[in-house]
Amino acid sequence: MLDRKLIAEKLEECARRLATRGAEGLPLEEIVRLDRRRKELQHAFDEARNQQSQLGPRIQQAMKRGEEASDLKAQSAELKAAVREHEASLREVEAQLHELLLTVPNLPHPEAPLGGEDDGVVVRTEGEPKEFDFEPKDHVALCEASGLALLGERASKLAGASFVTFLGEGARLVRALINFFLDLHTREHGYTEVSPPFVANRETMTGTGQLPKFEEELYAIPRDGLYLIPTAEVPVTNLWRNEMIPGERLPLAYCAYTPCFRREAGAAGKMTRGLKRLHQFDKVELVRFCHPEASDEQHQLLLRHAEEPLRRLGLHYRIKELATGDLGFAAARCYDIEAHSPATGEWLEVSSVSTFTDFQARRANIRFKDPKAPGSKGKARKGFVHTLNGSGLALPRVIVALLETYQRPEGGAVVPEALRPYLDGRELLGA
RNA sequence: GGAGGGUUGGCUGAGCGGUCGAAAGCACCUGAUUUGAAAUCAGGAGGCCCGCAAGGGCUCGGGGGUUCGAAUCCCUCACCCUCCGCCA
């Protein structure tokens, strides 16, 4: 959610910056108009309320003197009606305003490259492309040959297409990767592990920006008013909803393993075989809360943390900064981390590392309060925190890159060193 | 799921429907005493929102209601505790 004041004061600039992400025809003028109306109503309400509350003691005194005070009572009743009226219109205007505000995406970061999907900038490429002296198979063929994952009809029997079942060493590989990622981030990068609910209510989904605009993307449990989470970002960011974080605790860093559920409703036509696009996948997510002035630096730090698992697994990958038109609704700036699929030559997005500035914090009302300097009469500084998150990492596509990169001509795949402790020291998988 | 009890400021804990934004204690801040600290004494101070300020509004778990007036009465929701039932 954008700051109403900012929209009012810099309407042109907001519109221009939002246009760079392709957001046109937003109700910005309407928002400014409603905000002005809101202020007026608030004033009228305060005024009437003030008058009414001053009448109370006077009535009491009159009654102590044994008077009826019926004229005062009537006056008070009248004011009460006025207060109610003002309050009702105030609430209505506020609700309208809020609703409009929820539809406006975040402002892109001034340094984000301009353009659309194809204008992302590859910031750097890490590792070497894998060379084979035989014809490499793609991950689908490898899964079929090794039996690590069920991709076909037998798997879709359970919940439909685009749900996978990992079997035997494949299931074990999933667990190993989750543990590897979590251990790395908690032990070496200082993240606090969170194991949240895999469902969330409407308010929680609104806080991070999934609702109201992207209801189509979510699996819902209408009977209980719940949604399956599309990412751990949702429950973890909302941990602090409607709270004030003591400034000295910032920055906060959380990591969480959860399955992620996505309907991929907008992805029709992009259907792919195999593990590349699923309705349910496992992911370890990193979430950070920080002071506003720290978010750029925190974004770089988060990026380093998120890519570290790929480095340790010895995979070839690149970092791409998304152009403004490709940014997610709530993001101000975003790096995608893409692992290389040597069999197809594709770059697979395994992580999206975003900074949301105060956009999510406003929606979810997450603020900080710095401690007052001792002895100083100045007020403690308060404000909305900045939130950031990134996958660290999403499993299925990492598995694709892993199997393809480390495949052997005679079948199976070599386990990279870093992962062996999580697989009983095994050096080979699916052989 | 059923029955009962509870939720007050950072904490503990009072609070006849009318100067209650709320006693008291602890913690906190300022000053005095002290070489410094502790102890003691005297003061001060809840939080949030709008506002440059003056000022105003909101706030006793959330929401609604009764009343001229609600921390106090009623309804409802959430959470906590106890008992019963069920259960990995």
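Letters A, B, ... are given to chains in the order of the sequence lines, protein chains preceding strands, and every chain is numbered from 1.
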Geometric class of the F289(A)/W240(A) ring pair [parallel <30°, tilted 30-60°, perpendicular >60°]: perpendicular

Partner nucleotide of rU7(B) by Watson-Crick or wobble geometry (both distances under 3.5 Å): rA78(B)

Short side-chain N/O contact to rC68(B) OP1/OP2 from Q60(A), under 4.0 Å: no

For atom CD of E40(A) and atom C1' of rG51(B), their distance in whole Å: 16 Å

Atom-pair distance (NE2 on H43(A); C1' on rG51(B)), nearest Å: 9 Å

N50(A) side-chain N/O to rG56(B) phosphate OP1/OP2 under 4.0 Å: no

Identity of whatever pairs with rC83(B) - Watson-Crick or G-U, under 3.5 angstrom: rG2(B)

Partner nucleotide, any strand, of rC48(B) [Watson-Crick/G-U, under 3.5 Å]: rG57(B)

Residue whose closest nucleotide on RNA chain B lies nearer the 5' end, R38(A) versus R84(A): R38(A)

Contact summary for F368(A) and P292(A), nearest pair of heavy atoms: CE2-CD, 3.5 Å

Aromatic ring pairing H185(A)/H189(A), orientation class (parallel under 30°, perpendicular over 60°, tilted between): tilted

Short side-chain N/O contact to rG56(B) OP1/OP2 from K39(A), under 4.0 Å: no

Side-chain N,O (R49(A)) to OP1/OP2 (rC58(B)) below 4.0 Å: yes

Inter-nucleotide P distance (rC60(B), rA23(B)), Å rounded: 15 Å

Nucleotide forming a Watson-Crick or wobble pair with rU66(B), both distances under 3.5 Å: none

Pair K213(A), T103(A): side-chain N/O donor-acceptor within cut-off below 3.5 Å: no

Sugar-phosphate, base or nothing in reach of L55(A), heavy atoms under 4.0 Å: nothing

Phosphate OP1/OP2 of rC49(B): any K382(A) side-chain N/O under 4.0 Å: yes

Partner nucleotide of rA37(B) by Watson-Crick or wobble geometry (both distances under 3.5 Å): none

Syn/anti state of rU59(B) by chi, 90° boundary around 0: syn

Under-4.0 Å side-chain N/O to phosphate OP1/OP2 contact, K80(A) with rC68(B): no

Sugar-phosphate only, base, or nothing, as touched by Q52(A) at under 4.0 Å among non-hydrogen atoms: sugar-phosphate

Closest to the Q42(A) side chain, choosing from rG47(B), rG57(B), rC68(B): rG57(B)

K73(A) vs rU67(B): side-chain N/O to OP1/OP2 distance below 4.0 Å: no

Between rG57(B) (C1') and Q51(A) (CD): distance, integer Å: 14 Å

Separation of atom CD in E94(A) from atom P in rC58(B), rounded to whole Å: 14 Å

For rA71(B), the Watson-Crick or wobble counterpart (both distances under 3.5 Å): none

Sugar-phosphate only, base, or nothing, as touched by R367(A) at under 4.0 Å among non-hydrogen atoms: sugar-phosphate

Ring centre gap for H386(A) and F359(A) strictly below 6.0 Å: no

Value in whole Å for how far the P atom of rC50(B) lies from CG of D46(A): 12 Å

Nucleotide forming a Watson-Crick or wobble pair with rG43(B), both distances under 3.5 Å: rC29(B)

Residue E293(A) excluded, over 12 heavy atoms near CD under 6.0 Å: yes

Of E47(A) and M63(A), the one whose closest RNA chain B nucleotide lies more 5': M63(A)

